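Because the structure is a prediction, the values reported are computed rather than measured. Below, read A as the first sequence line, B as the second, and so on, with proteins coming before strands; counting in each chain starts at 1.
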Amino acid sequence: MGGYILRRLLSAVPVLLGITVIVFLIMALIPGDPATAILGSYATPENVARINRELGLDAPLWRQYLIWLGNMLQGDFGQSFALNRPVLDEVLERFGATLILAGTAFVLCSLLGVIAGTISAANQYGWADKAITFTVLLGISIPSFFLGMMMILLFAVRLRWFPVSGMWPIYGARDAAALISHLAMPAIALAVVATGVIARLSRSALLEVLRQDFIRTARAKGVHERSVIWRHALRAAMVSILPVLGIQAGFVLSGAVYIEIVFQWPGIGRMLVDAILRRDILLVQGGVIVVAACYVFFNIIVDVAQSLLDPRIRT
Amino acid sequence: MTGAFFLFSRNRLALVGGIVLCLVVLLVLAAPILPLTDPDVTNTANRYLPPLSEGALLGTDHLGRDLLSRLLWGTRLSLAVGFAAAAIAATIGAAIGVIAGFYGGRLDNVIMRGVDMLMAFPYILLALAIVAALGPGLLNALIAVAAVNVPFFARNIRGITVGLAHKEFVDAARLSGLSRPQIILTEILPNVLPVIVIAMSTTIGWMILETAGLSFLGLGSQPPQADLGSMLGEARAALISHPHTSVVPGVMILIIVMSINLLGDGIRDALDPRLKSGALSRPMAATRVRRQAPAPEPNLEGILTVEGLETEFHVGPRKLRAVGGVSLSVKPGECIGIIGESGSGKSVTALSVTGLVASPPGVITGGAVRYRGDDLIGAPYERLRAVRGREIAYIFQDPLATLHPLYRVGDQLVEAIKAHQKIGTEEARGKAVELLRDVRIPNPERRISDYPHEMSGGMRQRVGIAMALANDPEVIIADEPTTALDVTVQAQILSLLDDLRRSRDLAIIFITHDFGVVAQLCDRVAVMYAGKVVEEGPTKAVLAAPRHPYTARLIACVPELGGGRRRLEAIPGLPPAVDRLPEGCAFAERCNKARSACREGHIPLAQEGDRAVRCLFPEEAPAREAAE
């Protein structure tokens with residue numbers, strides 16, 4: 001088991017390097033040169049050349065990449081010019097808020113999606129299946145940002161169940177209850193699409209499994225149908241559901257960008273959009289790399305969970 | 001039947017989706033000629049007019065612009081960008097996929113590594129990075145959305161192409177001297193095109209959502225030009241005071257994406273043959289029962305009797321009569337063999353006993369199965385469950401497929417015990433070890449924590465037997481339990497079953513296609529053909545003097561050690577399809593003694609002492625001598 005985890009961690013290294021290359025190349029595409037931007041009206045050819053030399057921009061691209069990579073490995077992601085603070089500090093602080101939001105949504109969509117899909121498969125063509133199938137279709141067709149806005153109108157403005165936006169109350173204690181009441185709507189809005197996708201997939205994964213011989217064996221033993229579905233079939237179906245959960249985690253993380261904007265959640269998605277609009281490139285770069293790296297590690301966790309679930313993978 | 005209805009209703013939904021989408025497309029195509037006000041003309045005096053106002057059917061926005069006009073023009077833009085992004089992503093992705101899949105080797109490796117790398121990004125990060133580099137704008141958003149979806153198409157199409165690249169027609173094209181680009185264009189492309197279309201139909205809704213999302217963030221279309229996403233983005237500031245400005249574009253996105261998804265699902269379902277054949281429908285907890293006639297009066301004696309059992313498979317309009325009126329009985333301590341070719345209905349008969357036939361498509365349409373005189377056909381689920389494993393237990397073929405692959409064998413045994421006995425897990429574990437010892441598994445304390453894949457075939461089948469014995473059943477139905485095993489293991493398992501039968505006074509129904517096995521174990525044998533018993537009697541008597549020509553031919557198929565140069569006779573032809581059973585004798589087509597009378601009317605199973613045969617002209621002389 002330990003060896004497996006180690007192998008998986010090592011295999012992440014080239015992926016992470018690849019990600020940095022992609023981000024570096026995309027950023028190198030940016031039209032206009034930083035020296036001119038920095039110097040503004042002082043951009044004489046001599047000054048531009050001097051700044052380029054100072055910033056190392058006259059070096060060949062591969063050397064620039066290595067220097068940039070070396071700095072990042074030492075935790076130096078540069079300075080955000082708009083916020084005037086180190087990129088890494090800002091990114092980590094914002095990422096914490098995103099993790100709370102996306103993590104909650106991920107737990108929600110995994111649980112609800114798998115349960116809904118299982119109920120749907122167990123009652124195939126029954127009314128529960130039809131109701132779930134239709135709800136799922138609605139869920140995967142509605143833009144999450146629009147859903148979020150409608151939820152604000154209904155649950156915050158009309159019914160006053162939840163606060164309209166933000167992560168903490170402006171006045172008052174920053175305790176768990178306050179966080180939960182602020183978290184509820186954005187987390188649900190964020191989870192809806194992924195719940196739909198997971199429910200669909202769980203349904204078909206279960207239907208595949210339910211036709212297999214070992215299900216008949218369980219029934220022949222006299223095992224109750226409830227445990228045939230929830231113990232035997234679901235356990236086997238999880239083998240194909242789990243990788244999809246990994247993929248959906250990426251979608252939840254992506255969707256968080258919209259939800260953070262709609263609900264004014266102080267997360268990394270909002271930071272990235274603001275940074276792009278302000279052309280704060282270093283901040284964009286740092287944010288993208290940290291989130292992508294985090295996602296790669298999350299997928300390793302999924303793989304390890306997969307090997308725990310399926311003893312045939314380990315051997 | 002409900003399945004077919006659901007498919008139909010599903011396609012009807014797809015039809016609705018298609019119609020709605022067409023209407024929207026027609027409406028926005030007609031936008032330039034409709035009597036609409038200019039979408040960009042501001043009129044701040046008429047800000048935030050509510051819907052149904054005069055001159056503004058859907059009201060106006062924060063600058064007093066007509067929402068209906070903006071909606072139609074915005075929809076036009078959103079649809080165009082979404083379709084364009086899908087087309088670009090599909091074209092580039094398919095090109096990459098076809099090249100990688102067709103050329104293979106290192107090129108494939110490098111390309112697919114790159115694709116995997118791109119897929120390691122949460123998609124929005126990549127899109128944001130691209131927009132950050134190119135700057136906000138609708139065209140750049142389009143490029144970003146297309147780029148993000150290229151890996152998806154590349155990977156799908158590559159998979160298909162790899163499969164095609166080794167097909168005969170591609171080899172033929174190669175041999176005929178076509179160059180590789182020519183082969184790609186003339187042979188590969190036409191075959192991947194449908195796949196590309198399906199992939200597009202399922203992702204296009206998603207791409208419209210993504211571009212709308214980028215515009216919503218202010219990274220897509222820039223004012224005054226507006227697509228649906230940026231309309232929503234602008235309206236968000238007035239969400240609480242004037243919600244209609246948000247609702248109008250939001251609902252439009254919902255309508256478009258939903259109709260596209262409905263249509264896409266419909267296309268996918270229509271092209272998935274598994275859905276039509278019912279291969280994706282779930283088997284219910286017990287086989288459906290629709291008896292056409294009341295259960296027959298009890299006639300046979302035994303702990304378990306099957307009388308006039310009829311089981312059909314309803315696949316679409318076809319009705320396959322897998323079991324057409326089978327009667328059998330078994331007494332305690334007795335072993336009866338059911339023998340027949342595959343498809344003769346012997347397994348379906350066995351599974352019908354406790355309602356284990358997969359349903360749909362299986363339906364029990366007639367007969368009775370009595371356990372201790374109590375009819376199990378149509379019994380409530382709880383009654384069936386109480387019988388399964390407790391009174392009547394099964395041993396199946398191929399225990400690698402029939403044991404749960406992800407649970408330790410010990411846990412599966414414990415579960416079998418606890419399904420019927422109210423005892424603690426520890427006690428059940430002790431019993432499980434005992435059971436494994438009973439079926440002569442060495443080191444049962446250790447093997448109990450093995451997974452099925454860690455055991456040999458013979459050991460797995462012993463676990464299968466132990467599981468059947470877990471609750472001391474009265475009847476064991478063994479469905480080809482030794483077929484997947486090699487000969488020495490087979491002999492061990494058979495002698496184990498024989499011992500257990502004697503020591504526990506078990507009634508065994510043993511299903512096989514092997515007369516050698518029947519001869520070793522069974523007191524009586526029933527020969528099945530095309531869903532009916534064609535001959536029944538004491539094993540020795542049937543083997544020595546088969547009366548039905550089919551039985552005779554089956555016995556002649558068995559090779560015999562030291563039997564000299566006897567010619568092995570395969571039976572010519574195939575059993576009839578069970579949805580087109582001929583009148584009269586089902587074996588007549590393959591029988592060399594068939595006369596015209598054999599093909600007319602029902603032929604009853606004629607009882608004669610302890611033997612019975614379903615034949616108008618049964619064999620008289622012992623077949624063995626005749627065959628020699």
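Looking at B/Leu219, only its side chain comes within 4.5 Å of chain A, counting heavy atoms on both sides. Of the atoms belonging to A/Ile281, it is side-chain heavy atoms, and not backbone ones, that fall under 4.5 Å from chain B. Using a 4.5 Å cut-off between heavy atoms, A/Leu147 makes no contact with chain B at all. Interface remark: A/Leu272 contributes side-chain atoms only to the contact with chain B (heavy atom separation under 4.5 Å). Residue contact with chain B, scored on non-hydrogen atoms closer than 4.5 Å, is absent for A/Ile247. Of the atoms belonging to B/Pro405, heavy atoms from both backbone and side chain fall under 4.5 Å from chain A. Contact annotation for B/Pro136: only side-chain heavy atoms (C-beta onward) come within less than 4.5 Å of a heavy atom of chain A. Contacts of B/Ile256 with chain A are absent, with no heavy-atom separation under 4.5 Å from either backbone or side chain. Within the 4.5 angstrom heavy-atom criterion, atoms from both the backbone and the side chain of A/Val291 approach chain B. Contact of B/Ala358 with chain A is made through the side chain alone, with heavy-atom distances under 4.5 Å. Heavy-atom distances place the backbone of B/Glu210, and not its side chain, under 4.5 Å from chain A. With a threshold of 4.5 angstrom between heavy atoms, B/Tyr123 approaches chain A through its backbone and through its side chain. If you measure heavy-atom distances from A/Ala121 to chain B, the contacts under 4.5 Å come from the backbone alone. Contacts of A/Val239 with chain B are made by side-chain atoms alone, with heavy-atom separations under 4.5 Å and no backbone atom involved. In this structure, no portion of A/Arg270 lies under 4.5 Å from any heavy atom of chain B. Of the two parts of B/Gln397, neither the backbone nor the side chain holds a non-hydrogen atom closer than 4.5 Å to a non-hydrogen atom of chain A. Residue contact with chain A, scored on non-hydrogen atoms closer than 4.5 Å, involves the backbone and the side chain of B/Val247 alike. Only the side chain of B/Met467 comes within contact range of chain A, judged by heavy atoms closer than 4.5 Å. For A/Val228, no part lies under 4.5 angstrom from a heavy atom of chain B. The parts of A/Ile261 that come within reach of chain B are both its backbone and its side chain, each placing non-hydrogen atoms under 4.5 angstrom from that chain.
The distance from atom CG of B/Leu21 to atom CD1 of B/Ile204, rounded to the nearest 0.5 Å, is 8.5 Å. Interatomic distance, CZ of A/Arg219 versus CG of B/Leu356, reported as 8.0 Å (0.5 Å rounding). Summarising the geometry, atom CG belonging to B/Leu118 is positioned 4.5 Å from atom CD1 belonging to A/Ile22; distances are rounded to the nearest 0.5 Å. In this structure, CG in B/Leu217 is found 11.0 Å from CG in B/Leu232, a value given to the nearest 0.5 Å. Atoms CG and CD, on A/Leu210 and A/Glu208 in that order, are 10.0 Å from each other to the nearest 0.5 Å.
The greatest number of non-hydrogen atom pairs below 4.5 Å with chain B, out of A/Ala233, A/Ser254, A/Ala156, is found for A/Ser254. Highest contact tally toward chain A, considering only B/Glu382, B/Arg390, B/Arg236, is held by B/Arg236 [criterion: heavy-atom pairs under 4.5 Å]. Options B/Gln412, B/Met284, B/Met119, B/Glu415 differ in how many heavy-atom pairs under 4.5 Å they form with chain A, and the most are formed by B/Glu415. For the options A/Val23, A/Asn299, A/Asp280, A/Val273, heavy-atom pairs under 4.5 Å to chain B are most numerous at A/Val273. The candidate with the highest count of non-hydrogen atom pairs below 4.5 Å against chain A, out of B/Pro122, B/Pro249, B/Ala212, is B/Pro122. Top candidate by heavy-atom pairs under 4.5 Å with chain B, chosen from A/Leu253, A/Val164, A/Ile152, A/Val223, is A/Val223. Chain B forms more heavy-atom pairs under 4.5 Å with one residue of A/Gly250, A/Ala220, A/Ala275, A/Ala292 than with any other, namely A/Ala220. Top candidate by heavy-atom pairs under 4.5 Å with chain A, chosen from B/Ser246, B/Gly389, B/Gly355, B/Gly213, is B/Gly213. Among A/Val157, A/Ile229, A/Leu153, A/Ile142, the residue with the largest count of heavy-atom pairs under 4.5 Å with chain B is A/Leu153. By number of non-hydrogen pairs under 4.5 angstrom with chain A, the leading residue of B/Leu254, B/Leu403, B/Leu406, B/Val257 is B/Leu406. Contact count against chain A (heavy-atom pairs under 4.5 Å) is highest for B/Leu209 among B/Val387, B/Ile208, B/Leu209.
For the pair A/Leu234 and A/Leu206, the minimum side-chain heavy-atom distance is below 4.5 Å. At least one side-chain heavy atom of B/Val409 sits under 4.5 Å from a side-chain heavy atom of B/Pro452.
The environment of B/Tyr381 atom OH is dense: over 12 non-hydrogen atoms of other residues, nucleotides or ligands sit within 6.0 angstrom.
Using a 30° and 60° split on the angle between ring planes, B/His242 and B/His244 fall in the perpendicular class, above 60°. Note: A/Tyr258 and A/Phe145 have tilted aromatic rings, judged against thresholds of 30 and 60 degrees for the angle between ring planes.
The distance between the ring centers of A/Phe214 and B/Tyr407 does not fall below 6.0 angstrom. A centroid separation of 6.0 Å or more is found between the aromatic rings of B/Trp206 and B/Phe152.
Using modelled atom types and a 3.5 Å distance limit, the side chains of B/Tyr394 and B/Thr354 yield a donor-acceptor pair.
Residue B/Ala129 comes nearest to A/Ile26 through the heavy atom pair O-CG2, 3.4 Å, listed as atom of the first residue, atom of the second, then distance. Residues B/Met252 and B/Leu228 approach most closely at CG-CD1, 4.0 Å, considering heavy atoms.
Remark: the backbone N or O of B/Val357 is paired with a side-chain donor or acceptor of B/Thr287 at under 3.5 angstrom. The main-chain N or O of A/Thr217 is never found under 3.5 Å from a side-chain atom of B/His404 such that the two would form a donor-acceptor pair.
A salt bridge between A/Glu225 and B/Arg388 is absent, with no side-chain N of the basic residue lying under 4.0 Å from a carboxylate O of the acidic one.
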